[in-house]
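Here is the structure we will look at, set down as structure tokens.
Sequence positions, counted from 1, serve as the residue numbers for this chain. Keep in mind the model is a prediction, meaning the values are calculated, not measured.
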Amino acid sequence: MFGRLQLLRLLGKSERSMAWRVLDPRDGQELMLVLPRVQPADAALLQRWQTTMRQASRLSHPELAPVQEVGVQDGWPYAAYELRDAAPLSERLTSKGLAGAEAAQLMVQVLRGLAFAHEAGVAHFDVQPGLMLVDDSGGLRVAGLGVACEMAAPAGPALHHHRDAAERDVLAAGVLLHQLLVGQPALDEPDIGLVIGRLPPQGREIVRLPWTLAQPVADPLRAIANRTTDRQERQRYRNARTLLRALEGWLQTSDGDGGGPLALLAERLRLAGVLPASPGAAERAARLALMESQRTNELAEVVLEDLALSFELLRLVNSAQVRGAQVSGAGPVLTVRRAIAMLGLEGVRRAALALRPWPGPLAEPGAAALQKLVERCKRAGRAALALRPAGYDGEVVYLITLLQNLGRLVVHYHFPEEAQQIKRLMLPAPPAREGDPEEPGMSEEGAAFAVLGADIEAIGAAVARQWGLGDSVLAMIRRHPSTTAVHTPEGDDDILCYAASCANEALDALALPPQRVAGALQRVAQRYGRVLDIGLRDLQVAVSDLPAAPIAQTAPAPLDVMASLSAPAALPAAAVARPAPSGLRATAAARSPR
């Protein structure tokens, strides 16, 4: 007996706490009793424990087990929780591990409870599978919150003490996720607290998912799980919310019925648009109002100054409603010139007025980061103009180069904090010892998986697909993978993709530390030199700050004539998509089918 409670069996124990299944003879109810492993040494420490537990027991959240009773028996403080139809998570695990989605759904519930508690100023102190109560329907509640608290007074400021305890909880949650996926305790140590003590900086052990598991793990989930226990402290999740967002993002994007990566963005796109109008939108709208009789290429130059307006016109003309009115077999529209001809000047004005003014919902740091990225994308687009083989429509090349950055632009606008996390994860770390090489950062793909649970390229492709752009365009607007060799192009689409990818990689090279820029540009020139017929000097000239040349190809008629021709049966021959000519050096007219 423990006071009036009958001890039935030990459910689990760690270095910091223990849990028992007990029977309350007053009503015949079975409870879970959680106690610290060490008794408070004196009345002051007992009082500190009771203060922590009063604070914890006042919290109410669906993923936190309600505290039924807090008390002290024979000098042992305890907290009691209802079991109902629940059992500890440790009793539901098998050696084969759980499927990725099931493990992630359980961890989402753990993290929701922890995040709520941390924001209320309470840490758990001993996240263990035996303290996670799972019912028959898969619902999970976190028990034992605060029971294993350090009863000694913190050495430093209380705020720092709470932050450190919360970070330890998040690391413990990562070790628990590892165990759920693998089916075995990390480092063959059942006590998660002891595992943490063997990880850097206290120890030298490494916890990473093995490549072969009984239950296959998707790459994004693998990146998330490995980041939770990364050997570099700076790469780990610092709070429960960031890990929670990554897992929720992966669950949304991996759900076959949830819309894929677009599920992350659907509501934000509806409220804030794809991008906000670039600074100076009012002046551009005024200029458009005075350009009634101008040629479409002159109007296009004004529109192309604003990425948001350019993308909005592409979205409008490629949407199902507009495309349904085109001639049978017409391909996607990939020039602002043709979009203007189809929508008319009034349609362009309406599109401009519908955009959110700069910077939308972004705060100052996010707006500055987005503006910097926009300028970098424009510079890449102009570099692609200089790198394209003769005869290819400059506006098509420019817009494809921009669209290869669509995912990055969207993430910077709608997920500014996550974008900065991704950037930090990609940075190399200084060497641990003098003379050692730098610790490499994550790849962009891995960092995006670890932060968002989705690939940035996939997010951009999902948005473009929603606009009505088909598979051939989606292939062009996906950058050629940096780890894949550049092969002989099979057609014009490959050439357009290579020209845009080369320009974007060159701009990435310019963003490296100065001592690494020359070598990186040389590698880009070597990768694409044969297929684009360029050398290092051509690449250096392309990325230099030369005077801006017109982007839009000269149009054959003024706007009012083009607008009158925008009916399906009378679309100009050069504006209608058709199969690409066989020669790669065809005339300009034949190279502007889009």
After noting the C-alpha distance and the side-chain angles of His118 and Asp169, does the key distance pass the side chain to side chain donor-acceptor pair (under 3.5 Å) rule? CA-CA 9 Å; His118 292 169; Asp169 282 354; 2.9 Å; yes
With a cut-off of 6.0 Å (strictly less than), are more than 12 heavy atoms of other residues, nucleotides or ligands near CD of Glu119?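 Counting neighbours around CD of Glu119, more than 12 heavy atoms of other residues, nucleotides or ligands fall under 6.0 Å, so yes.
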For [X], all residues meeting salt bridge (charged side-chain N to carboxylate O under 4.0 Å, His left out), sequence neighbours excluded:
| X | value |
| --- | --- |
| Glu69 | Arg4 |
| Arg84 | Glu82 |
| Arg465 | Asp471 |

With sequence neighbours excluded, give me every salt bridge (Lys or Arg N to Asp or Glu O under 4.0 Å) pair touching [range].
| range | result |
| --- | --- |
| residues 106-117 | Arg112-Glu248 |
| residues 126-137 | Arg92-Asp136 |
| residues 176-202 | Arg198-Glu205 |

Residues forming a side chain to side chain donor-acceptor pair (under 3.5 Å) with [X], sequence neighbours excluded:
| X | value |
| --- | --- |
| Arg236 | none |
| Glu267 | Arg270 |
| Arg37 | none |
| Arg54 | Thr51 |

Can you name the side chain to side chain contact (heavy atoms under 4.5 Å, CB included) partners of Ala225, sequence neighbours left out?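 Ala225 satisfies side chain to side chain contact (heavy atoms under 4.5 Å, CB included) with Leu177, Leu181, Leu209 once adjacent residues are dropped.
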Could I get the full list of side chain to side chain contact (heavy atoms under 4.5 Å, CB included) partners for Pro62, not counting sequence neighbours?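 For Pro62 there are no side chain to side chain contact (heavy atoms under 4.5 Å, CB included) partners, ignoring immediate neighbours.
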Please determine whether side-chain contact (heavy atoms from CB on, under 4.5 Å) holds for the pair Gln105 and Leu251, giving the CA-CA distance in whole Å, both sets of side-chain angles, and the decisive distance to 0.1 Å. CA-CA 8 Å; Gln105 286 163 351; Leu251 284 170; 3.9 Å; yes
His480, Arg478, Gln404 screened by side chain to side chain donor-acceptor pair (under 3.5 Å) with Ser501, the one that passes: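 In the set His480, Arg478, Gln404, the residue that makes a side chain to side chain donor-acceptor pair (under 3.5 Å) with Ser501 is Gln404.
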Checking salt bridge (charged side-chain N to carboxylate O under 4.0 Å, His left out) for the pair Arg21/Glu91: CA distance, chi angles, key distance, verdict? CA-CA 13 Å; Arg21 180 182 286 270; Glu91 297 184 0; 5.1 Å; no
State plainly whether the residues Arg376 and Asp508 are in salt-bridge range, i.e. N to O under 4.0 Å.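 So Arg376 pairs with Asp508 through a salt bridge.
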Shortest non-hydrogen separation from Arg234 to Gly441 and the atoms involved: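 Minimum heavy-atom contact is NH2-CA, 4.3 Å.
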Can you tell which of Trp20, Trp49, Phe2 makes a ring-ring contact (aromatic ring centres under 6.0 Å, His included) with Tyr78?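 So, applying the ring-ring contact (aromatic ring centres under 6.0 Å, His included) to Tyr78 and each of Trp20, Trp49, Phe2, only Phe2 qualifies.
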